[in-house]
Structure formats: C-alpha cells, structure tokens
Amino acid sequence: MAIHFISDLHLADDTPALNQLFLDTLAAWSGRIEALYILGDLFEYWVGDDDDSAYLEAPLAAMRAFAAQTPLYVMRGNRDFLLGAGFEQRSGAALLDDPTLMEAYGQRILLCHGDALCTDDVAYQQFRAVSRNPQWQQAMLARPLAERHAIARQARQQSEMNKQQTGLSAISDVTETAVRELLAAHAWPTLIHGHTHRPAHHRHGASSRWVIQDWHGETGGYLALDDAGIRALPL
C-alpha cells in the first residue's frame, strides 16, 4: 500500500462533477491505501464548522466512512482556513498544522499548503497574517452564517476576476528564498505542497519539492509515496 497526497479540490455547491469525483475517489481508495493527506483547499471556501449547506452532507459522510477504514488527514488552505474541531467531528479527519514534518518509507517529508511560500504577493501575506489571528477568526465566526456566506462569495468572485485578468501571475508562485528558508529550518527534507496549481518536481540544493496537481471538472492528480519513492499520478 501507499500514502496518497491530494490538494486543491475546491469543492463547492456548484461543482457537482468534482464533488462526485471526490466521492468516487474515496470509495476507490478506502481500505486500499495506507493513509490520505489532503493538503489544503479541500473546499472552495469554508465559513465555519456550523455551515449547513446541503452539498456538504455527501462529502462529509464519505470522509467519515473513509476515515473509519483509512487514516485521513486534512491541512487548512487559503480558502478553508476556518476548518476547526467541528469539522474534525463531522468528517472523521484529523487536522494538520502547516507545516507538518513526517517520516515514512525512510524519507523525511515536510507538508504544507504552499500559500505561505508566495512571499512576493505582499497583499495576500498581509491578509494571511490577519486572517490566521484567533481574535479575527472569532469575530468572523460570530457573524451570522448568511453574512459569512455573502463575504465568502464576494471574495470568490473577486478571486475569479483576478484570475481572468492576470492568469497564473508570477507573484502567485512560491519564491526560491521562502522555499530554501523553510527547508533549511527543517534540515532539508523533501517538501510536498499544493496551492500554486503548477504541478511539478523541483530541486533545491540537497532537497526536492513536489507540487501536487489540482483538481477540476472530472480530472485531477495525486502523489503516491511507498517503497519505490514519490510518484505523480493521474486519478
């Protein structure tokens, strides 16, 4: 068996094909892999653990069934950073810190979402620092659920407009300086992350960096780790 890593599914109420792909993938992998790590942006947005959106019922139920058979870990991303203990209860998944260092198959693997490495995007890093503040999050979660949804929809629309205007801009990618600083701080392990939507395998000195393929429509990719090493595979 192997450990699988996925990222950036961006499940939402208007992505039925993608949501079904997630359900089908969990069913296919349940009990057949060693563990599944989801490294951020499982959801297009997460407005709080009290979200009662109808579309969430199926993926959360599928995750609970999966977690009963196979260890399931989820890392917060830039879209679903409000995931909390209530999500763990509803999904059966265990939340991971960003970054998380693990050891498996004779390798030291550092896991992160990847957004903290995009240091050229100064405006986003400023927002990231504010939005990870517990007091800011507490104030946001105290707002009525409908208001939180409206804020999230507005942010989503703005993000889509920015993508249409600029595409994958240079500032939305990681910087070499940030990557090397992170790797050096953890004694140069192998780094796995998502976020940038630029799947690839990079070298950084004595270490390597794997970027997970995002999911969209009815396609996606994942990384598998076993005795043979790390491999990038399509679904």
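One-based numbering along the sequence shown. Note that these values count all heavy atoms, side chains included, but never hydrogens, waters or copies made by symmetry.
If you check the side chains of Tyr45 and Asp80, you find no donor sitting under 3.5 Å from an acceptor. A donor and an acceptor atom, one from each side chain of Arg209 and His201, are nowhere located under 3.5 Å apart. Using modelled atom types, one finds a donor on one side chain and an acceptor on the other under 3.5 Å when comparing Thr175 with Thr119. A donor and an acceptor atom, one from each side chain of Arg180 and His204, are nowhere located under 3.5 Å apart. One side chain, Asp214 or His197, offers a donor N or O that lies under 3.5 Å from an acceptor on the other. For the 3.5 Å distance criterion, the side chains of Asp51 and His149 qualify, holding a donor opposite an acceptor. Donor-acceptor pairing under 3.5 Å is lacking for the side chains of Gln125 and Asp121.
Here the side chains of Leu39 and Ile212 are in contact, with some heavy-atom distance below 4.5 Å. Counting heavy atoms from C-beta on, the side chains of Asp226 and Arg231 come closer than 4.5 Å. Inter-residue side-chain proximity for Ser53 and Asp13 is flagged as unmet; no heavy-atom pair is nearer than 4.5 Å. Leu26 has its side chain within reach of Leu36: a pair of non-hydrogen atoms, C-beta onward, lies under 4.5 Å apart. Taking the side chain as every heavy atom from C-beta outward, Ile38 and Tyr73 never approach each other to under 4.5 Å. Looking only at side-chain heavy atoms (C-beta outward), Thr196 and Ser172 stay at 4.5 Å or farther from each other. Residues His113 and Ser7 form a side-chain contact, since some pair of their non-hydrogen atoms from C-beta on lies under 4.5 Å apart.
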Distance-only donor-acceptor hits, side chain of residues 55-67, under 3.5 Å, sequence neighbours excluded:
residue	atom	partner	partner atom	Å
Arg64	NH1	Arg90	O	2.7

Identify each donor-acceptor pair in which a side-chain atom of residues 105-112 lies under 3.5 Å from a protein atom, sequence neighbours left out, and give them as a table.
residue	atom	partner	partner atom	Å
Tyr105	OH	Met1	O	3.0
Tyr105	OH	Glu34	OE1	2.4
Arg108	NH1	His186	O	3.4
Arg108	NH1	Ala187	O	3.3
Arg108	NH2	His186	O	2.6

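Considering every non-hydrogen atom in both Leu233 and Ala224, the closest pair reads CD1-CB, 4.0 Å. Contact between Pro99 and Leu182 at its shortest, heavy atoms only, is CG-CD1, 4.2 Å. Looking at every heavy atom in both residues, Arg203 comes nearest to Ala206 through NH2-O, 3.5 Å. Annotation for His195 and Cys118: closest pair CD2-SG, 3.7 Å, computed over non-hydrogen atoms.
Ring to ring, Trp29 and His4 are close: their centroids are under 6.0 angstrom apart.
Between Trp46 and Phe87, the ring-plane angle classifies as perpendicular under the 30° and 60° cut-offs.
The backbone N or O of Arg79 lies less than 3.5 Å from a partner atom in the side chain of Asp41, making a donor-acceptor pair. Judged by distance alone, with hydrogens and angles left aside, the side-chain atoms of Ser131 form a donor-acceptor pair with the main-chain N or O of Phe127 at under 3.5 Å.
Using a 4.5 Å cut-off between side-chain heavy atoms of Ile, Leu, Val, Met, Phe, Trp and Tyr, with links allowed through other members, Val130 and Leu83 fall into the same hydrophobic cluster. Trp136 and Leu141 end up in the same hydrophobic cluster when Ile, Leu, Val, Met, Phe, Trp and Tyr side chains are linked at under 4.5 Å.
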| task | Apply the test salt bridge (Lys or Arg N to Asp or Glu O under 4.0 Å) to residues Asp173 and Arg198: give CA-CA distance (whole Å), side-chain angles for both, the deciding distance (0.1 Å), then the verdict. | result | CA-CA 8 Å; Asp173 200 1; Arg198 294 172 169 90; 3.7 Å; yes
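For Asp14, the CG atom counts as densely surrounded, since its 6.0 Å shell holds more than 12 non-hydrogen atoms of other residues, nucleotides or ligands.
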